[in-house]
Student: 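Below are the structure tokens for one structure; questions will follow.
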Amino acid sequence: MALRTVSALKRRLGGAGLGLLRSGQISSAAGRSGAGRARAGRGRGVAWTRPRLGEEQLGPTCPVGPTWESVSRPSSTDRKCLGRAGNFLPCAAQHRLEKTPSYIDYPATARRSFSNHRVIVDMDQSLGVATIKIKNPPVNSLSLELLTEFLIGWEKLENDKSCKGVILTSNYPKIFSAGLDILEMCGKNAAHYTEYWKAVQELWLKLYMSNMVVIAAINGSSPAGGCLLALTSDYRVMADNPKYTIGLNETLLGIVAPFWFKDNLVNTIGNRASEQALQLGLLFSPAEALKIGLVDQLVPEDKVQSTALSVMSQWLKIPDHARQLTKTMMRKPTADLLLKQREADIDNFVRFISRDGIQKSLHMYLKALKERKE
Ligand SMILES: CCCCCCCCC/C=C/C(=O)SCCNC(=O)CCNC(=O)[C@H](O)C(C)(C)COP(=O)(O)OP(=O)(O)OC[C@H]1O[C@@H](n2cnc3c(N)ncnc32)[C@H](O)[C@@H]1OP(=O)(O)O
């Protein structure tokens, strides 16, 4: 059922390129993200592949396409970009802005925004910055459908050479994201859990290893998977409202944050703080989160988006190739740990979540959430 839903979604949204959603198959997320990301585009009807960061990027690996040699006389723009190893985003932007070679199939009018049921993407072409707003009522839980739509939107941005930064936020002030959808982990079968966990892994890998600057504009509570989503970003701006909380509270549900959730947290706030936060399932107020470095900046609620945008402009001033290589250097070892054992991690999850005791805990947690309301 879930698979049918996802396939139907992909067809409707035209996002058939998402390898992860093909049953029994895992696409190499990091292969297209961060260090290993290869951006695909089109030139004279021939697919071209963006070079891998960290590889030699002179000569035929110019991001505009492996066909640069076939351009009879490289223009000054070609020479300029070929001379800057690794600097493929500005290079691509230059090609686009200054030259727009005829062999690249750019749309006549670039799309500024697109949305589907659960994700709104607004792209400011002049800044090269997109804002992704999650809208999955009532609490922006990360359901399989949301993950699917998010990944489709993300892939579109990854393939848009003009997009250099993404701001992640919620369409509903007060709740950034309630984290993984507990209903996806309750009362379903192993095939469903497998499909769901693949999507969760894929989202994390893509966001964590993205070459784009990613800034989280956290305009509400952000427990568990919501916190993880924010942790994938390069910088976190949070609304300074003491009613909101953020943290990896998995143990409160009777479940365990997987090792890569833990690694992402450790990389952000350090080992000792993570030990306490994870074991106790701590949900931090914005002020506490700032103190331990879980978020980088607190601002009044109505300034979250504008602050995220101004932080973005600072980050985008750094030469892209240098920033990307640094990000990759910092994050790749962590992402590789999951990449090396994705299948085993899925098996662990499916076995763990299928246990009677875990199912009982999740049901009780949902019941407690409902009772809290009454
Ligand atoms: C070996 C290792 C292997 C691996 C082991 C396994 C690893 C798994 C890792 C898991 C990671 C996760 O993210 S697990 C998910 C953790 N998430 C949470 O703990 C958040 C729980 N939610 C909340 O705290 C609150 O809902 C909050 C987000 C602050 C919003 O509060 P509000 O008062 O505004 O809204 P509520 O009334 O509580 O909720 C509105 C409705 O949404 C539902 N709802 C709330 N959160 C939901 C959620 N995450 N998934 C589904 N449904 C949710 C409620 O039940 C309500 O349903 P109705 O009553 O029907 O309307």
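Just follow the structure's listing: the first ligand is 1, and inside any ligand the first atom is 1.
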Student: Between Gln276 and Arg272, is there a donor-acceptor pair closer than 3.5 Å when you use the side chain of the first and the backbone of the second?
Tutor: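 Here the side-chain-to-backbone pair does not exist.
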Student: Is a donor on one side and an acceptor on the other found under 3.5 Å between the side chain of Ser221 and the backbone of Thr245?
Tutor: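 A pair under 3.5 Å: yes.
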Student: To the nearest 0.5 Å, what is the distance between CZ on Arg118 and CG on Asn171?
Tutor: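 If I round to the nearest 0.5 Å, the distance is 13.0 Å.
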Student: Does the pair Asp320/Lys164 count as a salt bridge with the N-to-O cut at 4.0 Å?
Tutor: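 Looking at Asp320 and Lys164, the cut-off is not met.
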Student: Hey, is atom 27 (C) of ligand 1 under 4.0 Å from any protein heavy atom?
Tutor: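 Given the 4.0 Å limit, the answer for atom 27 (C) of ligand 1 is no, no protein heavy atom qualifies.
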Student: For Glu202 and Arg342, run salt bridge (Lys or Arg N to Asp or Glu O under 4.0 Å): C-alpha distance rounded to whole Å, both residues' side-chain angles, the deciding distance at 0.1 Å, then the answer.
Tutor: CA-CA 10 Å; Glu202 185 82 359; Arg342 278 185 85 167; 3.0 Å; yes
Student: Would you please determine whether Phe259 falls within less than 4.0 Å of ligand 1 on a heavy-atom basis?
Tutor: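 No; Phe259 lies far enough from ligand 1 that no heavy-atom distance drops under 4.0 Å.
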Student: One residue to check: Ala178. Relative to ligand 1, which of side chain, backbone, both or neither has a non-hydrogen atom less than 4.0 Å away?
Tutor: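 Answer for Ala178: both.
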Student: What protein heavy atom lies closest to atom 61 (O) of ligand 1? Include the residue and the distance to one decimal.
Tutor: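 Here the closest protein heavy atom is Lys373 NZ, 2.7 Å.
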Student: What do we get for Thr245 next to ligand 1 when only non-hydrogen atoms under 4.0 Å count, side chain, backbone, both or neither?
Tutor: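 It is neither part, as no heavy atom is under 4.0 Å.
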Student: At a 4.0 Å threshold, what atoms of ligand 1 neighbour a non-hydrogen atom of Leu253?
Tutor: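 Here the atoms of ligand 1 in question are 14 (S), 15 (C), 16 (C), 19 (O).
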Student: Look at atom 41 (C) of ligand 1 and find which of Ser143, Pro138, Ala224, Ala368 reaches it with the closest heavy atom.
Tutor: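 The nearest heavy atom belongs to Pro138.
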Student: Treating Ile, Leu, Val, Met, Phe, Trp and Tyr as nodes and any side-chain heavy-atom pair under 4.5 angstrom as an edge, say whether Val200 and Phe150 lie in one connected cluster.
Tutor: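 Yes; tracing contacts between hydrophobic side chains, which count when under 4.5 Å, links both residues.
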Student: Near Gly179, which atoms of ligand 1 are under 4.0 Å from a heavy atom of that residue?
Tutor: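 So the answer, numbered in order with elements, is 13 (O).
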Student: Taking atom 6 (C) of ligand 1 as the point of reference, which of Ile182, Val256, Ile358 owns the nearest heavy atom?
Tutor: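 Checking each option, the heavy atom nearest atom 6 (C) of ligand 1 is found in Val256.
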Student: Counting only heavy atoms closer than 4.0 Å, does ligand 1 sit against the backbone of Leu180, its side chain, both, or neither?
Tutor: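 Answer for Leu180: both.
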Student: Taking atom types as modelled, is there a side-chain donor on Tyr235 or Gln314 under 3.5 Å from an acceptor on the other?
Tutor: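 Short answer, no.
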Student: For the 3.5 Å polar cut-off, considering only N or O atoms, please tell me whether Arg372 and ligand 1 meet it.
Tutor: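 Yes, at least one N or O pair falls under 3.5 Å.
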Student: For the atom pair CG (Leu229) and CG (Leu168), what is the distance rounded to the nearest 0.5 Å?
Tutor: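 Result: 5.5 Å between the selected atoms.
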Student: Using a heavy-atom cut-off of under 4.0 Å, does the side chain or the backbone of Ile175 touch ligand 1, or both, or neither?
Tutor: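 Within the 4.0 Å criterion, Ile175 contacts ligand 1 through side-chain atoms alone.
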Student: Test the Lys188-Tyr196 pair against the cation-pi criterion, namely NZ or CZ under 6.0 angstrom from the six-membered ring centroid and within 45° of the ring axis.
Tutor: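 Pair Lys188/Tyr196 does not count as cation-pi.
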Student: Under 3.5 Å, is there a donor on one side chain and an acceptor on the other for Tyr208 and Asp263?
Tutor: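 No pair is found: no donor N or O on one side chain lies under 3.5 Å from an acceptor on the other.
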Student: Is the closest N or O pair between Phe349 and ligand 1 shorter than 3.5 Å?
Tutor: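 No, no N or O pair falls under 3.5 Å.
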Student: If you measure every N or O of Val139 against every N or O of ligand 1, does any of those distances drop under 3.5 Å?
Tutor: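 No, since none of the N or O atoms of Val139 sits under 3.5 Å from an N or O of ligand 1.
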Student: Just distances here: any N/O of Lys370 and N/O of ligand 1 closer than 3.5 Å?
Tutor: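 Lys370 vs ligand 1: N/O contact under 3.5 Å present.
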Student: With respect to Trp197, determine whether any N or O atom, backbone or side chain, lies less than 3.5 Å from an N or O atom of ligand 1.
Tutor: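 By distance alone, the answer is no.
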Student: Should the proximity of Ile255 to ligand 1, defined as any heavy atom under 4.0 Å, be assigned to the side chain, the backbone, both, or neither?
Tutor: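 Contact part for Ile255 vs ligand 1: side chain (C-beta onward).
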Student: Which ligand 1 atoms are under 4.0 Å away from a heavy-atom of Tyr365?
Tutor: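 The atoms of ligand 1 under 4.0 Å from a heavy atom of Tyr365 are 18 (C), 19 (O), 21 (C).
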Student: Do Asn140 and Ser170 meet the criterion of a side-chain donor-acceptor pair at a distance under 3.5 Å?
Tutor: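 Per modelled atom types, Asn140 and Ser170 side chains form a pair under 3.5 Å.
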Student: Decide whether Thr169 and Gln305 meet the rule of one side-chain donor and one side-chain acceptor closer than 3.5 Å.
Tutor: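 Judged by distance alone, the side chains do pair up.
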Student: Ignoring hydrogens and geometry, is there a side-chain-to-backbone donor-acceptor pair from Lys327 to Met209 under 3.5 Å?
Tutor: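 No: the side chain of Lys327 does not pair with the backbone of Met209.
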Student: With heavy-atom distances below 4.0 Å as the criterion, list the atoms of ligand 1 near Gly225.
Tutor: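 With Gly225 as reference, the close atoms of ligand 1 come out as 12 (C), 13 (O).
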Student: So if I count the atoms of ligand 1 from 1 in the order they appear, which ones are less than 4.0 Å from some heavy atom of Leu369?
Tutor: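 Selected atoms, number and element: 21 (C), 22 (N), 23 (C), 45 (C), 46 (N), 55 (O).
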Student: Could you note down all residue pairs passing ring pair (Phe, Tyr, Trp, His ring centres under 6.0 Å) where residues 324-374 supplies at least one of them, sequence neighbours left out?
Tutor: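 Checked against ring pair (Phe, Tyr, Trp, His ring centres under 6.0 Å) - neighbours excluded - the pairs reaching residues 324-374 are Trp197-Phe349.
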Student: If you count heavy atoms of other groups shown closer than 6.0 angstrom to NZ of Lys133, is the number above 12?
Tutor: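 12 or below, so no.
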Student: I'd like to check whether Leu366 has a polar contact with ligand 1, where a contact means an N/O of the residue lying under 3.5 Å from an N/O of the ligand.
Tutor: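 In this structure, Leu366 places no N or O atom under 3.5 Å from an N or O of ligand 1.
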Student: Would you kindly specify which portion of Asp181 sits under 4.0 Å from ligand 1, judged on non-hydrogen atoms: side chain, backbone, both or neither?
Tutor: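 Both of them.
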Student: Taking 4.0 Å as the limit for heavy-atom contacts, which would you say applies to Asn249 with ligand 1: side chain only, backbone only, both, or neither?
Tutor: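 Side chain only.
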Student: Would you tell me which option among Gly281, Ser222, Ser221 has the nearest heavy-atom contact to atom 29 (C) of ligand 1?
Tutor: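 Looking at heavy atoms only, the winner is Ser221.
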Student: Could you check which of Lys174, Glu250, Arg351 puts a non-hydrogen atom nearest to atom 11 (C) of ligand 1?
Tutor: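 Checking each option, the heavy atom nearest atom 11 (C) of ligand 1 is found in Glu250.
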